[in-house]
Each structure stands twice: as C-alpha cells, then as structure tokens.
Asker: 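I have a structure here, written as structure tokens, and I will follow up with some questions on it.
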There are 2 protein chains.
Amino acid sequence: MASNSRLAIAIHTAGMLAFGEEMPITSTMIAKSVNTNPVVIRRIIGSLVKHGLVEVKMGTGGGSKLAKPASNISIAEIYLALEEGEIFHVPDLEESHGCPVAKLVRPVLKEIFGDAEDGLIAKLRHKTLQHVIDELRMELPADFCLKKLSNG
Amino acid sequence: MASNSRLAIAIHTAGMLAFGEEMPITSTMIAKSVNTNPVVIRRIIGSLVKHGLVEVKMGTGGGSKLAKPASNISIAEIYLALEEGEIFHVPDLEESHGCPVAKLVRPVLKEIFGDAEDGLIAKLRHKTLQHVIDELRMELPADFCLKKLSNG
DNA sequence: ATTTAATGTAACTATTCTTGTTACACACTC
DNA sequence: GAGTGTGTAACAAGAATAGTTACATTAAAT
C-alpha cells in the first residue's frame, strides 16, 4: 500500500477532540499537531461526522468536538467510519480467461479476506478512544498539548 | 491496482502447486492462470521458498512444488512469508515538532495496530491451503485447470 | 557440447493510490 | 461587513504496486 496512515491520523484527531472536551478544536490546530494540511484533517473529520462520531460547528469560533463520550467510541468505529477499501485485493480476470479454476478461486479468497478483516475489526472493537487517552494522560498533564497549540 | 493483491496471487499460486502434486509447475503457467507476468510470480515464489513453503527446480523441466503438504500450510504462513509492511502506518513527525503529546501517541497507535494485525493473522491461521483446495475440488475435477494449461 | 527451457534478478516503465496544496464558496460570530 | 472557520473541488506531488524487458545462470535432453 501507499501506506495507510489515515487511521492513525483519525485516532490522533479524535484523541485531540477528546482532550478538548467541549471546546471546539479547529482543523488547523489538529493539522499542526499531526504535521499535515488542514484539508487532510477536514476530510477525515468529514467521515467521522458522517458516522456520528464527531460534530462540527462552522464559522468564527467553530471547530469540532466529539459527538459522544470517548469511552463510547471504539477504534473499530473510527476504522469503519473511514470507509477504506478492502485490505487485500483479489485481482480481476478478463472475461475471456481460459482457466475456470482461476475464476472459482476468487470467491474463496474473498471469504478468507473477509474473515481476516473481521478478526482485525474484532480487536479494534476492544479498544476505546478513552483507552488511548488514558494511556497518554499517564505521561502528561491533561491540557498540556492544547495550551501549547493555543499559544501558537 | 496499488492495492495489495500479492496475497491473493500467492494463495492462487500455492493452490496451483498443490493441484500439481509432485509435478513442477512453471511460473509461466501460473502467470497465465493469474493473468500477470511470470516475473511477478517468481518474485512471490521467491518469498515462499525463503520461508520453506515451496521448492524450486531450475533448468529444463524445472518449476515449483510445495515443500510440505497443503494441509500443513496455513494462509497465515503464506501471508507472513510475503513480508508485507504493516497494514496501518503511523506517520513520522519531525524532530522539531512542538507538541509532545503527538509524539507520545505514536507507540500507543503502534500497539493498537499490532494487536489488530495479530487478530487478522489469527484468523488466517485457521485456514489451510488444503481448505482452499477442497473448496475448489467440490466444483471441478482435480486436474482440469492443469490440463488446460498444458495444452496451451 | 549444443540446444532448449527454466529460474533469479536487476533495471526500468506504467499505473494507481495516497497525500498535499491551492482556491474559493458558504456559514457563523462579532 | 470583517474575520474566522468549514466543505469541497481540482490539481500537483510523491510513493507504492505491478508490469515489462533483458540477461546471466542452471539443468535436462538430444
């Protein structure tokens, strides 16, 4: 893959929103923290909004915040919200393809890959966003990062 | 496709070797079945050989065959043999990065992603290559595809 | 020995995906 | 109305995957 860092950015983003509690956080603030462009953040937040994980307020003083408690958001939800394609791809064969077995193997592979992804998602379901935040809080005072960002 | 189809090709390849029993199958035959280039197949077979799943004989009448019974090869082994990178990527931050929380989140994310991939591999461990073949054999006579390929 | 058929591998191209960037319309606060 | 923020389209850049060509090497067959 042109390696998939969207999930990492999405979790980082959601984590910042959780730190921010009710205060709306702007895409620019998050972009600075992740070291990327605000539009990249907005695109990801758009997916999170679409799936009811985040709320956005437009205009001056606007920004994003979590739509529900961090303890109620699993990493699986974030993963699924991104609507990434399948992890493993089964290449297409031309219609004119000679070998019928090659065609029959496709559904078998799809089933295997589906199962595998289910296993992955099951693991992600066990971790909540709160989990992630707690691990961070153990190392730093809660609002450290946000103060930094607000001060420029 | 920039999406990952190597695993699909690897399973397809290993499946053909299993069908072929002791008879060595050439990369060209497999490439025809998968509808790709022989070099692509050889690269994948190289990985399988490196991990003891396949044996190769060079020269005229050469080709590949399984190094052990299909019932003794899990899809997880094939997946791991390919030595693909991590499924999810945690983007790097510059040294000069201002926000310390952003740095602390990286190991947390890596742990989550590691767990997730473990879940995926665990699922793949439950399916063997024999499994795949059995599902195919239910639909076609065993040597159908190989005959086709041999006859051009 | 020579021919033939296979692999191994390097080097390059093509394609496609992801990410980054710019630009601008729209929304909201003051 | 000025300022600040989002949403989104369109494009540019960068990176990874896949495909191709070319050739050295190995081994069987005649």
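In what follows, every chain begins at residue 1, and chains take the letters A, B, ... in the order their sequences are listed.
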Asker: Can you tell me the distance, in whole Å, between the CZ atom of A:Arg43 and the P atom of C:dT21?
Answerer: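 A:Arg43 atom CZ is separated from C:dT21 atom P by 11 Å.
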
Asker: Side chains of residues 53-65 of chain B: which donor-acceptor partners sit under 3.5 Å, not counting sequence neighbours?
Answerer:
| unit_1 | atom_1 | unit_2 | atom_2 | d |
| --- | --- | --- | --- | --- |
| B:Lys65 | NZ | B:Glu22 | OE1 | 3.3 |

Asker: Can you tell me how far C1' of D:dT17 sits from CD1 of B:Ile9, to the nearest Å?
Answerer: 10 Å

Asker: Rounded off to whole Å, could you give me the CD1-to-P distance for the B:Ile87 and D:dT17 pair?
Answerer: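 Between P of D:dT17 and CD1 of B:Ile87: 13 Å.
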
Asker: Between C:dT7 atom C1' and B:Leu17 atom CG, what is the distance in whole Å?
Answerer: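 Going from B:Leu17 (CG) to C:dT7 (C1'), I get 14 Å.
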
Asker: Can you name the atoms? Protein N/O to nucleotides 2-5 of chain D N/O, anything below 3.5 Å, with the distance.
Answerer:
| unit_1 | atom_1 | unit_2 | atom_2 | d |
| --- | --- | --- | --- | --- |
| D:dG3 | N2 | A:Thr60 | OG1 | 2.2 |
| D:dG3 | N3 | A:Thr60 | OG1 | 3.2 |
| D:dT4 | O4' | A:Thr60 | OG1 | 3.3 |
| D:dT4 | O2 | A:Thr60 | N | 3.2 |
| D:dT4 | O2 | A:Thr60 | OG1 | 3.3 |
| D:dG5 | O4' | A:Gly59 | O | 3.3 |

Asker: C:dT18 phosphate, OP1 or OP2: any side-chain N/O from A:Ser5 under 4.0 angstrom?
Answerer: no

Asker: Can you list everything that forms a salt bridge (charged side-chain N to carboxylate O under 4.0 Å, His left out) with B:Glu117? Sequence neighbours excluded, please.
Answerer: none

Asker: Grab the CG-P distance between B:Leu7 and D:dT17 for me, whole Å please.
Answerer: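 Rounding to the nearest Å, CG of B:Leu7 and P of D:dT17 are 13 Å apart.
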
Asker: Could you tell me how far apart B:Ile45 (CD1) and C:dA6 (C1') are, to the nearest whole angstrom?
Answerer: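 Result: 12 Å.
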
Asker: Between atom CZ in A:Phe88 and atom P in D:dA18, what is the gap in whole Å?
Answerer: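 From A:Phe88 CZ to D:dA18 P: 12 Å.
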
Asker: Tell me which donor-acceptor pairs under 3.5 Å the side chains of residues 41-52 of chain A have, and how far apart each pair is, sequence neighbours excluded?
Answerer:
| unit_1 | atom_1 | unit_2 | atom_2 | d |
| --- | --- | --- | --- | --- |
| A:Arg42 | NE | A:Ser27 | OG | 3.2 |
| A:Lys50 | NZ | A:Glu83 | OE1 | 3.4 |
| A:Lys50 | NZ | A:Glu83 | OE2 | 3.4 |
| A:His51 | ND1 | A:Ser47 | O | 3.1 |
| A:His51 | NE2 | A:Glu83 | OE2 | 3.3 |

Asker: Excluding sequence neighbours, so at least two apart, what forms salt bridge (charged side-chain N to carboxylate O under 4.0 Å, His left out) with A:Lys127?
Answerer: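 A:Lys127: salt bridge (charged side-chain N to carboxylate O under 4.0 Å, His left out) contacts with A:Glu135, B:Glu111.
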
Asker: What residues form a salt bridge (charged side-chain N to carboxylate O under 4.0 Å, His left out) with B:Arg106, not counting sequence neighbours?
Answerer: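 With sequence neighbours excluded, B:Arg106 shows a salt bridge (charged side-chain N to carboxylate O under 4.0 Å, His left out) to B:Asp92, given in chain and number order.
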
Asker: What's the closest nucleotide to the side chain of A:Val39 if the choices are D:dA10, D:dT8, D:dG19?
Answerer: D:dT8

Asker: Starting at atom NZ of B:Lys50, determine the distance to atom P of C:dT9, rounded to an integer number of angstrom.
Answerer: 11 Å

Asker: Look at the aromatic rings of A:Tyr79 and B:Phe88 and report parallel, tilted or perpendicular, splitting at 30° and 60°.
Answerer: perpendicular

